[in-house]
Colleague: 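One structure follows; several queries about it will come next.
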Amino acid sequence: MSDVTVTFPDGSTRSYATGTTAYEVAKAIGSRLGKAAVAAKVADTWADLDTPLLADTELAIITRDSDDGREVLRHGTAHVLAQAVTKLFPGAKYAIGPAIADGFYYDFELADGRTFSESDLEAITSEMVKIIKADQRFEREDLGFDAGREVFVEQRFKVEIIDKVSGGAADSDDAAEVSTDGVSIYRNRDADGRVCFTDLCRGPHVPSTSKLGAFKLLRVAGAYWRGDEKGPVLQRIYGTAWEDTKALEAHLLRLEEAERRDHRKLGVDLDLFSFPDEIGSGLAVFHPKGGVIRRVMEEYSRTRHAESGYEFVYSPHITKQDLFETSGHLQWFADGMFPPIEIDGGTDYYLKPMNCPFHILIFKSRSRSYRELPLRLFEFGTVYRYEKSGVVHGLTRVRGMTQDDAHIFTSRENMAAELASLLDFVLTLLCDFGLSDFYLELSTKPPGKAVGTDEEWDQATEALREAAASKNLDLVMDEGGGAFYGPKISVQARDAIGRTWQMSTIQVDFQLPQRFDIHYTGADNERHRPIMIHRALFGSVERFFGVLVEHYAGAFPTWLAPVQVVVLPVADRHDDYSHEIATSLKSQGVRIEVHDGHAGALGARIRRSKLDKVPYILVVGDADVENNTVGVNARGSDQPRRDVAISDFASELLTEIRTRSTGTADASSAN
RNA sequence: GCCGGGUUAGCUCAGCUGGCAGAGCAACGCACUUGUAAUGCGUAGGUCGUGGGUUCGAUUCCCACAUCCGGCUCCA
């Protein structure tokens, strides 16, 4: 018998008898590797462990604790879910069941229009556990398209997928299910050799269900078939699966942590903002404590913009219809706008969904010289967008929001330089708020929903790409995700627990300058068309606020905290001294409160301020009055400091505020 | 907008199959004057999201609407 030479990822090679399977190779290398193996990559292609090696090849064993391995486990668990559902809900049709970040889902259509409820998950879970214990083998078979249709004659979604792929219309979604030269299916066979479940699947799969197990079903949801709003609504079950129960538990703990940081919950607990039903969905009011944070955010932003050459403008919230006809909003963005307000049966007025047309009119109010460019017009502009009822979400998706919006009018020649310095500005501003881990997303022309020629779009897209490339950050493409008037770069920021949020957007626009026919006089005494750059750095103040709440888990750095210091007199006789401290620090701009004995026992007052996440609690008693000292109980430290000279505390505090230190921002100190 | 699940005091939640509503915390009052995460006692607070319907009787069952939550779609 001849041998095959196998090359491993580390470059080493070994010889095996022809026909040896990937699994046998893994076992031969070590019993631990054999146990951890869930699939293989043969010549860089995913493969099952029982794949025989018939020629010299590269081979990588995929282990259960790798990203690839977890994907295999999740996909396998999705199959088990589908088997359980088809058993418990006779007549159920199964559609697609991919692995996703941290988990998997599977979409079903139940007989007679039945739907899942959360209470079904328990029974489904028990059934899944049975299947896993039954140690069913996953068996692959490759079939022609027609044979595949025959296997799934009862499963209309599978047939639809096969039809679509066999017709050559494979898109990325389908690629997850089938290959292009036929289809592969996986059968689950129990110990008696009985076929329990068959699914259309590209694979690879674990050899048997007993390799699965650390999973949890999380929730049920409706989802459109193929994501098509007009298509049938399927019943989706989400779950998560991991290499072992320890990893599963850790993941569930992370979910709890995310829940604990939910800005909607913290907004109530910390008395920051609310969404009164009486006002309407997606319309927030900021309470005094939230108002402090927002004011400090806005003031700092204004300062930075002033330093960076922006000029401040103001514009109204409503405008006549014609303005949005000219801008193209009524043609391209009407779905996102509130219905018109009719005045005297004549002119319609609209709430503005964007600030750009107003800033253009300011540019247009008189003739402009090239010497004025780049002209940077900034406004905290409040806009209103009609968001569909199901999509409003806390402060991150609202119907009324304030953008830190600016429009930069610049020459074509200067555009690249302006974009580069703008990106710098964005990133440093976000860093000042404690976000420092970014990647960029480049959104291109939305097909069928855009104005302007392909050439103009290409030019604008290229300019953005160059600016992004110069920043040395990861750049992700978002094809077709641009606004109707131009492509955009979005800055995505990762927060303290690794979630990403869309923050700033920068958009290049050749269109609106044309539509409004704006121009400037160049050094050559000719008229030139300026380029517009739209940009919002917070995105919206509301969303940014919400993201900061979650990033800091409500424990804002001192410069942003609504109450920076609370002074607690031990007894009534320390009240005067407490107020002296407060008055003195207040005069230096510190947000400080005294909570005296009427607020309860000392322990209770400390607890109250801790729950409010106040950065510094000062406890003062006889010794402090005597020596001009304070006891400092800092947020996040478990040991209070005693006998700190008040002057020392004050200078440390003022420095921390002045430098906008985010030193107390780490996740563990958030309690 | 679509699918599913909710809506009981400021907050967190009890309230079995219909029979005129409860707790803890918070608020307020009194007492307590306290050295680093909950002092005690008392008081007040709800037309059970809104409007219809069924019923002798609805917080409870049905319908519509509002609103929230989890997703889908869409987005700053």
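Atoms considered below: every heavy atom in the structure, side chains included; atoms not considered: hydrogens, waters and symmetry mates. Chain identifiers are assigned alphabetically (A, B, ...) following the order of the sequence lines, protein sequences preceding nucleic acid strands; residue numbering begins at 1 within each chain.
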Colleague: Which nucleotide wins on minimum distance to the side chain of A:A221, given the candidates B:rG70, B:rU36, B:rU73?
Modeller: B:rG70
Colleague: Any chance the side chains of A:D624 and A:Y577 put a donor and an acceptor closer than 3.5 Å?
Modeller: no
Colleague: Quick check on B:rG5: is either OP1 or OP2 less than 4.0 Å from any side-chain nitrogen or oxygen of A:R219?
Modeller: no
Colleague: Would you kindly say whether A:S315 and A:H359 are connected by a side-chain donor-acceptor distance under 3.5 Å?
Modeller: no
Colleague: Send over the distance from A:R605 CZ to B:rG35 P, rounded to a whole Å.
Modeller: 10 Å
Colleague: Ignoring hydrogens and geometry beyond distance, is the side chain of A:D624 in donor-acceptor contact with the base of B:rG35 at under 3.5 Å?
Modeller: yes
Colleague: To the nearest Å, how far apart are A:L395 CG and B:rA76 P?
Modeller: 17 Å
Colleague: Side chain of A:Q403 only, heavy atoms from C-beta on: which candidate in B:rA76, B:rA37, B:rG35 is closest?
Modeller: B:rA76
Colleague: Counting only heavy atoms not in A:D271 (residues, nucleotides, ligands), do more than 12 fall under 6.0 Å from its CG?
Modeller: yes
Colleague: I'd like to know if A:R264 reaches the base of B:rC69 with its side chain such that a donor and an acceptor end up less than 3.5 angstrom apart.
Modeller: no
Colleague: Using the P atom in both, what is the distance from B:rG45 to B:rU54, to the nearest Å?
Modeller: 34 Å
Colleague: If you find the nucleotide of RNA chain B closest to A:Y224 and the one closest to A:G227, which residue's nucleotide is nearer the 5' end?
Modeller: A:Y224
Colleague: Which listed nucleotide (B:rG1, B:rA38, B:rC72) is nearest to the side chain of A:R607?
Modeller: B:rA38
Colleague: Would you say A:H574 reaches B:rU33's phosphate, i.e. side-chain N/O to OP1/OP2 under 4.0 Å?
Modeller: no
Colleague: Answer with base, sugar-phosphate or nothing: what part of the nucleic acid does A:V233 contact at a heavy-atom distance below 4.0 Å?
Modeller: sugar-phosphate
Colleague: Look at the side chain of A:D277 and decide which nucleotide, out of B:rU67, B:rC72, B:rC75, has an atom nearest to it.
Modeller: B:rU67
Colleague: Is any side-chain N or O of A:Y386 closer than 4.0 Å to OP1 or OP2 of B:rC74?
Modeller: no
Colleague: B:rC3 and B:rU73: how far apart are their P atoms, nearest whole angstrom?
Modeller: 16 Å
Colleague: What I want to check is whether the side chains of A:S490 and A:T505 have a donor and an acceptor closer together than 3.5 Å.
Modeller: no
Colleague: Give A:K230 one of three labels, base, sugar-phosphate or nothing, depending on what nucleic acid heavy atoms sit under 4.0 Å from its own.
Modeller: nothing
Colleague: Roughly how many Å apart are B:rU59 and B:rC2, using the P atom of each and rounding to a whole number?
Modeller: 29 Å
Colleague: Hey, is the side chain of A:N633 pairing donor to acceptor with the base of B:rU36 inside 3.5 Å?
Modeller: yes
Colleague: Whole angstrom is fine here: how far is it from CZ in A:F273 over to P in B:rG10?
Modeller: 19 Å
Colleague: To the nearest angstrom, how far is A:K265 atom NZ from B:rG70 atom P?
Modeller: 14 Å
Colleague: I want to verify a distance call: between B:rC75, B:rC72, B:rA37, whose nearest atom is closest to the A:I606 side chain?
Modeller: B:rA37
Colleague: Check this for me: does the side-chain of A:E387 come within 3.5 Å of the base of B:rA76 through a donor and an acceptor?
Modeller: yes
Colleague: Would you indicate what A:D622 reaches in the nucleic acid, counting non-hydrogen atoms under 4.0 angstrom: base, sugar-phosphate, or nothing?
Modeller: base
Colleague: Would you mind telling me which of B:rA76, B:rU39, B:rA37 lies closest to the side-chain atoms of A:M401?
Modeller: B:rA76
Colleague: Taking the side chain of A:S281 as its heavy atoms from C-beta onward, which of B:rA37, B:rU67, B:rC74 lies nearest to it?
Modeller: B:rU67
Colleague: Is it the case that atom CG in A:D638 sees more than 12 heavy atoms from other parts of the structure closer than 6.0 Å?
Modeller: no
Colleague: Please state the C1' separation for the pair B:rG10 and B:rG70 - nearest whole angstrom.
Modeller: 26 Å
Colleague: Mind checking the C1' distance from B:rC65 to B:rU7? Whole angstroms is fine.
Modeller: 14 Å
Colleague: So if I apply the side-chain hydrogen bond (donor to acceptor under 3.5 Å, both in side chains) rule between A:E109 and each of A:R114, A:R156, A:K93, which one comes out positive?
Modeller: A:R156
Colleague: NZ of A:K388 versus P of B:rC2: gap in Å, rounded?
Modeller: 10 Å
Colleague: Between B:rG49 and B:rA44, how far is it from one P atom to the other, in whole Å?
Modeller: 24 Å
Colleague: State which of B:rG4, B:rG70, B:rU73 makes the closest approach to the side chain of A:H393.
Modeller: B:rG70
Colleague: Counting any heavy atom closer than 4.0 Å, what does A:G603 reach on the DNA or RNA strands: base, sugar-phosphate only, or nothing?
Modeller: sugar-phosphate
Colleague: I need the CG-C1' distance between A:L270 and B:rA26, as an integer number of Å.
Modeller: 15 Å
Colleague: Taking for each residue the nucleotide of RNA chain B with the nearest heavy atom, is it A:A601 or A:F116 whose nucleotide lies nearer the 5' end?
Modeller: A:F116
Colleague: Below the 4.0 Å mark, does B:rG1 have OP1 or OP2 next to a side-chain nitrogen or oxygen of A:S389?
Modeller: yes
Colleague: Show the numbers, then the answer: is there a side chain to side chain contact (heavy atoms under 4.5 Å, CB included) between A:F544 and A:L537?
Modeller: CA-CA 9 Å; A:F544 194 69; A:L537 308 191; over 6 Å; no
Colleague: Categorize A:A604 for me: base, sugar-phosphate, or nothing, with a 4.0 angstrom heavy-atom threshold over every strand shown.
Modeller: sugar-phosphate
Colleague: Using a heavy-atom cut-off of 4.0 Å across all strands, would you classify A:G222 as base, sugar-phosphate, or nothing?
Modeller: base
Colleague: Of all the nucleotides listed (B:rU36, B:rU33, B:rC74), which has the minimum atom distance to the side chain of A:L602?
Modeller: B:rU36
Colleague: Could you tell me how far B:rC62 sits from B:rU43 if I compare only their C1' atoms? Round to whole Å.
Modeller: 41 Å
Colleague: Rounding to an integer number of Å, can you tell me how far A:L568 CG sits from B:rG35 P?
Modeller: 13 Å
Colleague: Taking any heavy-atom pair under 4.0 Å as a contact, classify A:D572: base, sugar-phosphate, or nothing.
Modeller: base
Colleague: Do A:W225 and A:E160 pair up side chain to side chain, a donor and an acceptor below 3.5 Å, judged on atom types alone?
Modeller: yes
Colleague: Using the C1' atom on both, measure B:rA9 against B:rC48 and round to a whole Å.
Modeller: 10 Å
Colleague: Tell me which nucleotide among B:rC75, B:rC72, B:rC11 gets nearest to the side chain of A:V268.
Modeller: B:rC11
